[in-house]
Amino acid sequence: MEISAVRQQVQATIERAKRRAVERRARGDEAGRACDQFLATTATPLFRQIVNVLRTETYPFTVTTPGGSVRLASDRHGEDFIELVLDTSGDRPQIILHSSRARGRRIVESERAIGDPAAMTEEELLAVILEELEPFVDR
């Protein structure tokens, strides 16, 4: 194969990779703005409502909002929490639900993608959180 043909194909690959990186960053920036809006208007108020109900049922939990996320944390066990964060590492930015539960000396952690922050409804989010919350309140 001619060196000029190889060079052209390598240069085309480099340009394609650069364009994709710019597009991915733009999608990440857009998703970051959508996530901030989602956290402020949907997730954080919903988490606060859940905490209020849990406290009336004698389950001490607290809501915190560390940079770009929202966390529902147990006041009894520091390792017990449910957290929403934005993952922009892939081609499609999405909200990740991360949970951690202490079981004796063992800590059980899980993560799963729950969807696009711009498209998620309050009802969908509530269903996911309640499903994840069940092991925390079965004790």
Side-chain angles (χ1 to χ4, degrees):
M1 187 175 250
E2 292 284 326
I3 188 70
S4 61
V6 171
R7 183 171 187 248
Q8 286 176 345
Q9 289 184 19
V10 169
Q11 288 173 336
T13 300
I14 290 169
E15 286 303 312
R16 194 172 42 252
K18 286 180 181 180
R19 273 194 312 276
R20 286 185 180 158
V22 167
E23 292 168 0
R24 187 174 52 252
R25 280 192 294 275
R27 281 192 307 271
D29 291 345
E30 184 180 323
R33 287 187 295 277
C35 184
D36 289 344
Q37 179 74 17
F38 170 75
L39 290 175
T41 62
T42 304
T44 302
L46 184 59
F47 270 53
R48 291 189 195 287
Q49 290 174 344
I50 292 169
V51 162
N52 289 337
V53 173
L54 286 170
R55 285 184 178 171
T56 63
E57 298 295 326
T58 67
Y59 292 97
F61 279 82
T62 303
V63 173
T64 58
T65 54
S69 66
V70 62
R71 179 182 280 207
L72 177 72
S74 171
D75 293 346
R76 290 185 186 149
H77 305 284
E79 300 86 12
D80 291 354
F81 65 86
I82 298 171
E83 180 177 46
L84 295 179
V85 295
L86 178 66
D87 177 21
T88 58
S89 64
D91 286 338
R92 269 189 19 212
Q94 53 193 337
I95 296 287
I96 301 293
L97 180 99
H98 176 218
S99 69
S100 173
R101 291 186 314 278
R103 293 289 180 244
R105 291 183 175 203
R106 190 172 53 111
I107 295 177
V108 178
E109 292 191 70
S110 67
E111 279 189 356
R112 65 179 166 144
I114 60 170
D116 179 3
M120 182 164 294
T121 67
E122 205 170 44
E123 291 78 18
E124 292 170 334
L125 179 60
L126 178 60
V128 170
I129 293 169
L130 293 178
E131 180 183 325
E132 200 68 30
L133 185 64
E134 201 168 307
F136 293 96
V137 296
D138 71 353
R139 301 179 196 177

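In terms of heavy atoms, V63 sits closest to F47 at CG2-O, 3.5 Å. Nearest heavy atom pair, residue V6 against residue M1, reads CG2-SD, 3.6 Å. Here the closest non-hydrogen pair linking T41 and Q37 is OG1-O, 2.7 Å. The two residues L84 and L125 come nearest to each other via the heavy atoms CD1-CD1, 3.6 Å. Across every non-hydrogen atom of Q94 and L86, the tightest pair is O-CD1, 3.5 Å.
Hydrophobic cluster membership differs between I114 and I96, with clusters built from Ile, Leu, Val, Met, Phe, Trp and Tyr side chains linked at under 4.5 angstrom. The hydrophobic cluster containing I107 does not contain L133, counting ILVMFWY residues as joined when their side-chain heavy atoms lie under 4.5 angstrom apart, directly or transitively. Cluster membership check: V85 does not share its hydrophobic cluster with V70, using side-chain heavy-atom separations under 4.5 Å among Ile, Leu, Val, Met, Phe, Trp and Tyr.
Taking the side chain as every heavy atom from C-beta outward, L97 and E132 approach each other to under 4.5 Å.
Residues satisfying the side-chain contact (heavy atoms from CB on, under 4.5 Å) test with P45, not counting sequence neighbours, are none. Under the rule for a salt bridge (charged side-chain N to carboxylate O under 4.0 Å, His left out), E123 has no partner lying at least two apart in sequence or in another chain. In this structure E57 satisfies the side chain to side chain donor-acceptor pair (under 3.5 Å) test with no other residue, sequence neighbours excluded.
One finds the CD atom of E122 at 6.5 Å from the CD atom of Q49 (value rounded to the nearest 0.5 Å). Note that CZ of R48 is 10.0 Å distant from OG1 of T62, once rounded to the nearest 0.5 Å. In this structure, CG in D87 is found 12.5 Å from NE2 in H98, a value given to the nearest 0.5 Å. Atom OG in S99 sits 10.0 Å away from atom CD in E83 (nearest 0.5 Å).
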CA sep, side-chain torsions, deciding dist, call: D75, R55, side chain to side chain contact (heavy atoms under 4.5 Å, CB included): CA-CA 10 Å; D75 293 346; R55 285 184 178 171; 4.2 Å; yes

Check against side chain to side chain contact (heavy atoms under 4.5 Å, CB included), I82 and F136: CA-CA 10 Å; I82 298 171; F136 293 96; 3.5 Å; yes

Quick one: side chains of residues 13-20, donor-acceptor pairs under 3.5 Å with protein atoms, not counting sequence neighbours, listed by atom name and distance.
from	atom 1	to	atom 2	distance (Å)
T13	OG1	Q9	O	2.9
T13	OG1	R16	NH2	3.3

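Side-chain N or O atoms of S74 include one that pairs as donor or acceptor with a backbone N or O of R76 at under 3.5 Å. Remark: the backbone N or O of L39 is paired with a side-chain donor or acceptor of T44 at under 3.5 angstrom. At distances below 3.5 Å, not a single donor-acceptor pair connects side-chain atoms of S100 with backbone N or O atoms of F81.
Through direct or indirect side-chain contacts shorter than 4.5 Å among Ile, Leu, Val, Met, Phe, Trp and Tyr, V53 is connected to no other residue. If you chain together ILVMFWY residues whose side-chain heavy atoms come under 4.5 Å of each other, V108 ends up in a group of its own.
Within a 6.0 Å radius of CD in Q11, other residues, nucleotides and ligands contribute more than 12 heavy atoms.
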